Amino acid sequence: MIIFRYLSKEILVSTVAVCLALALIFLSVRFANLLAEATAGKYAVNVLFEMIGYRLPGFLQVIFPFGFYIAVLLAYGRLYMESEMVVLFACGISQRQLVLITLVPALLIALVVAVFSFWLAPSGTRAYAQILDEQRNRSEFDVLNAGRFQSLGQGQTITYVQEITNNHKNLNDVFIARDGASKAFPTILLARHGEQLEHPEYGQRYLVLNDGYQYEGQPGTADFRVTHFKSYGQYMPPVVLSGDYTSESDAKPTMELLASNDRAMRTTLQWRLSLPVMVFVIAFLAVPFSKTNPRQGRYLKMLPAFLVFVFYFVFLRSVCGLMEQGKWPIFPGVWVVHGLFLGLGWLMFNWDKVSFSRRNSVPKVVTHA
């Protein structure tokens, strides 16, 4: 029992540390990307943290299996390097018992992954999709700030608004400068007031400027046309987003997937089931991979172990893609992949026995003097 608590603590502490490090990396990179897109006017700044929070469960459901895998390699690798594992084996702990001990924290991690995979990640995906829909229905003028020159339309339009009121509906003292497109001349619009109006039937948005002037002409020449207008309206297309979109089935509740016979739904269900199952398979793989000779170094097997996990994950995603396209049968589906890597773990676990039996099966050549 003492050995079980000791090994479980080593694995779980390492798992938490690795998962925290990976989560921080994800949050930093994702927030930097979203901030750059918000600066370009694709997202409103006030929804960035919500978007990250809703996407986090979908990322954690993959991070936990990978973090657990790396944690077992690090924890057991350290025990081999410091000869603690030799002492445990001398006390009667076998490789089989080591695997059984490892499966206990694996069960805990698998339960956590199941909660994320079956409930939290789909709920987060639905909320994330709702935010994306709201952002698509925005106009570029929703990201304007009063008293600042800002670039819109991929740098083709420069705007300045002195005052913004009524939740970005009303604008005062508006300046808009547009680059010339094809044969048109650059255009500058100045208006006292502006407002955003929405078509009641089609939901399209229009920018209506009141009491202003339009200056159209080529800079550096005297060929200018000045037009005074009382009202100037222009259609405002919705914002084109380039974020990480998810399929419709990813946002469906798990119970709805269970009741559906749709191929995409069944594929998503198998993917959600695969993540907790993956934890047990990689636990079986990590034990033989963590076996290290102190003379060879602690990280000798880290690279092949990492590549095996990458192949495992990519193989699963590829089979899911083929299933969704109808190029792979729903049954056996992804379970073939789990079986292959489970077989790889069994082969590595029994490699010494296989090698020994092969050496003994080689006939000996007896020579006579």
Side-chain angles (χ1 to χ4, degrees), residues 1-26 60-113 275-316 338 340-356:
M1 183 61 69
I2 296 177
I3 295 175
F4 166 73
R5 289 200 301 265
Y6 175 67
L7 295 178
S8 299
K9 179 182 177 182
E10 288 289 322
I11 294 174
L12 293 177
V13 169
S14 299
T15 301
V16 172
V18 173
C19 291
L20 282 177
L22 294 175
L24 287 176
I25 294 173
F26 162 76
L60 289 178
Q61 67 179 354
V62 178
I63 278 296
F64 274 114
F66 181 63
F68 175 74
Y69 182 64
I70 298 298
V72 174
L73 295 175
L74 293 176
Y76 286 174
R78 183 188 67 80
L79 295 179
Y80 276 108
M81 290 297 298
E82 297 177 0
S83 300
E84 292 186 41
M85 199 64 79
V86 177
V87 176
L88 292 178
F89 291 149
C91 294
I93 298 295
S94 64
Q95 285 282 348
R96 187 181 302 273
Q97 289 175 315
L98 188 62
V99 171
L100 294 176
I101 292 175
T102 308
L103 289 178
V104 176
L107 176 61
L108 177 61
I109 299 298
L111 291 175
V112 174
V113 172
L275 293 175
V277 173
M278 180 191 292
V279 177
F280 296 105
V281 177
I282 62 177
F284 197 63
L285 284 168
V287 173
F289 265 124
S290 64
K291 188 176 181 180
T292 306
N293 189 333
R295 295 181 180 180
Q296 295 176 338
R298 181 178 179 181
Y299 302 103
L300 178 66
K301 294 185 178 180
M302 288 293 290
L303 179 59
F306 175 76
L307 292 177
V308 166
F309 182 88
V310 171
F311 289 148
Y312 188 10
F313 184 81
V314 172
F315 202 1
L316 275 176
H338 295 301
L340 287 175
F341 283 88
L342 189 61
L344 175 63
W346 181 89
L347 181 62
M348 294 180 60
F349 185 75
N350 296 279
W351 183 253
D352 292 337
K353 297 179 181 179
V354 174
S355 301
F356 180 76

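Residues: numbered from 1 along the sequence shown. The structure displayed is predicted, hence computed values, not measured ones.
Here I63 contributes atom CD1 and F66 contributes atom CZ; the two are 7.0 Å apart, rounded to the nearest 0.5 Å. Taken from CG in L100 to CD1 in I93, the straight-line distance is 10.0 Å, to the nearest 0.5 Å. Here CZ of F313 is found 6.0 Å from CE of M278. Values are rounded to the nearest 0.5 Å. With rounding to the nearest 0.5 angstrom, the CZ atom of F64 is 10.5 Å from the CG atom of L22. Taken to the nearest 0.5 Å, the CD1 atom of I282 stands 5.5 Å off from the CZ atom of F309. If you take CD1 on I101 and CZ on R96, they are separated by 13.5 Å, rounding to the nearest 0.5 Å.
More than 12 heavy atoms of other residues, nucleotides or ligands sit less than 6.0 Å from atom OH of Y6. Heavy atoms from other residues, nucleotides or ligands lying under 6.0 Å from CZ of F315 number 12 at most. Other residues, nucleotides and ligands place more than 12 heavy atoms under 6.0 Å from the OH atom of Y80.
Residues L98 and L7 have side chains in contact (heavy-atom distance under 4.5 Å, counting atoms from C-beta outward). For the pair E10/L74, no side-chain contact is recorded, criterion being any heavy-atom separation below 4.5 Å from C-beta on. For the pair L344/Y312, no side-chain contact is recorded, criterion being any heavy-atom separation below 4.5 Å from C-beta on.
Closest approach of V281 and L342 over heavy atoms only: CG1-N, 4.0 Å.
Of the possible donor and acceptor atoms, none in the side chain of S8 sits under 3.5 Å from a partner among the backbone N and O of R5. The main-chain N or O of M85 is never found under 3.5 Å from a side-chain atom of Y76 such that the two would form a donor-acceptor pair.
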